[in-house]
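Presented below is the structure to which this report refers.
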Number of protein chains: 2
Amino acid sequence: MATPTPQTAPAGGLRARKKQRTRDALIRAALELFTEQGYEATTVDEIAEAVDVSQRTYFRYFANKEDVAFAVQEMVEARFMAELTARPATEAPLTALRSAVMVAWDDIGSAIESVIPVELHMRSYQMIESTPALMAVHLRRSSELEEQIARLIAGREGLDVDADPRPRVLVAAFCGVMRVAGKIWGEGADCSVASIRELTQSYLDHMAPAIDDDWRTHR
Amino acid sequence: MATPTPQTAPAGGLRARKKQRTRDALIRAALELFTEQGYEATTVDEIAEAVDVSQRTYFRYFANKEDVAFAVQEMVEARFMAELTARPATEAPLTALRSAVMVAWDDIGSAIESVIPVELHMRSYQMIESTPALMAVHLRRSSELEEQIARLIAGREGLDVDADPRPRVLVAAFCGVMRVAGKIWGEGADCSVASIRELTQSYLDHMAPAIDDDWRTHR
DNA sequence: TGTCAACTGTCAGTGGCTGACATTAGTGTC
DNA sequence: GACACTAATGTCAGCCACTGACAGTTGACA
């Protein structure tokens, strides 16, 4: 179960706070090691040692070696889903998705900072994109999120997600475009939140035109 | 299975034929074990033992435990890419993609049969979709294929895939929709090639309408 | 303060995967 | 057919991810 209180909240008693501290330390240490010497070249023992806990303890916090790399990402996704849920039902589906992303990008930076430096998160993102094993997990996680989004969209529109293909189709197309934007961002030089926000906007603008039959008439 | 193509070709010398036989046997044994007792519950030792080779030999044919599950899939993808390459450049991008898929589905069955029973491949597909570790690899492989397709489409249209976002955007949306179709097929009861072909067609038809702003005006 | 439960460390063991080296078995040549 | 050459395979040792079992430690709470 993910920590329900990710913010600077007092977080219950001493035991709970200690746990949170260990978890955050493991994330920080892991990401630092991964980005510095590479994911494969880093052993779980090293991560555990850096935080001064046993390997066994690491595996009590994270199910496997990959999971720790997505701890921050999980926060970001939760934020997006919250924004999407909050969009008014009067908005058209694609408009709601688009707005939720845009709003989410605006305050995700500070949320990340509560666990690790944003700059480290940026480097981690690039590392994920360039590490096959992590890329695979990243994509699977994305597809699970995709399913959640489709159900939410279907709910807004009063549709049965299994009977009407449109929610899944739209969300698949939307997420596909988002993934491309993320990839291009990772390859680029500008590691700012502003740049990914802008890229997202631009790519979503291209969605409808790209589906048009003939690209040659309107260059 | 009429075998109109020289699929049963002599394939070089004895050594080469033996190698091919071992490889096919490993695939068959692995898929049979995976689908019967589950992917995780099957060890590489079991697969190797079923074919009467050493574990080390298995790893000389396949880089890891996952790879063997995608050997047939790889054939299918190659077939699709060949069809896509063969489409006339006068076709609009989405039309070419669509046509290539449709043509490919038509004769993929017999190509698969040359290695394993189609029915086993169907069960394997479902197993992949329901095994997280394999699903992750499946998605990564798909995204790599996606990149190839985008470059091919860009080439057809005389565009720079890095400068013009439309190829990647279209392909991302297209592949997203294809993936949803595959998923729905895997969940359904009809395990025929005809049914996935039909599903694909139907879902692609929904693509453009789904992107429209308002779903309520044209139900 | 003492009891309980949560957290952690240690240890042993399984399974995926690799490098090194010896052995076996097609291939081409005389 | 004997012979060297080399690809394919088997064996073995070892690393690393991951897990179950058990014991020790430390917050929580009456």
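Letters A, B, ... are given to chains in the order of the sequence lines, protein chains preceding strands, and every chain is numbered from 1. Since we're looking at a predicted model, the values are computed, not measured. What you see below is based on every heavy atom in this structure, not just the backbone, and it leaves out hydrogens, waters and symmetry mates.
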Between [N] ([atom2]) and [X] ([atom1]): distance, integer Å:
X	N	atom1	atom2	value
A/E49	C/dG9	CD	P	12 Å
A/L33	D/dA17	CG	C1'	16 Å
A/D45	C/dG9	CG	C1'	13 Å
B/E40	D/dC18	CD	C1'	12 Å
B/Q20	D/dA7	CD	C1'	16 Å
A/I47	D/dC18	CD1	C1'	13 Å
A/Y58	C/dC7	OH	C1'	18 Å
A/R23	C/dT8	CZ	P	13 Å

TODO: Report yes if the distance between the aromatic ring centroids of B/F80 and B/W105 is under 6.0 Å, otherwise no.
DONE: no

Open item on the list: Angle between ring planes, B/F70 versus B/H138, binned at 30° and 60°: parallel, tilted or perpendicular?
Closed with: parallel

Open item on the list: Please report the interatomic distance OH(A/Y203) to CG(A/L199), rounded to the nearest 0.5 Å.
Closed with: 5.5 Å

Short side-chain N/O contact to [N] OP1/OP2 from [X], under 4.0 Å:
X	N	answer
A/K18	D/dG27	yes
B/K19	D/dA8	yes
B/T57	D/dG10	yes
B/Y61	D/dT9	yes

Task: Positive for salt bridge (charged side-chain N to carboxylate O under 4.0 Å, His left out) with B/R141, one of B/E146, B/E147, B/E77 - done: B/E77

Task: First of A/Q55 and B/R60 reached from the 5' end of DNA chain D, by closest nucleotide - done: B/R60

Task: B/R15 or B/D52, whichever maps to the more 5' nucleotide of DNA chain D - done: B/R15

TODO: Give one of base, sugar-phosphate or nothing for B/S54, where a contact means two heavy atoms less than 4.0 Å apart.
DONE: base

Task: Modelled atom types, side-chain donor and acceptor of A/E46 and A/Q37, under 3.5 Å - done: yes

Task: Any donor-acceptor N/O pair under 3.5 Å between C/dG19 base and B/R56 side chain - done: yes

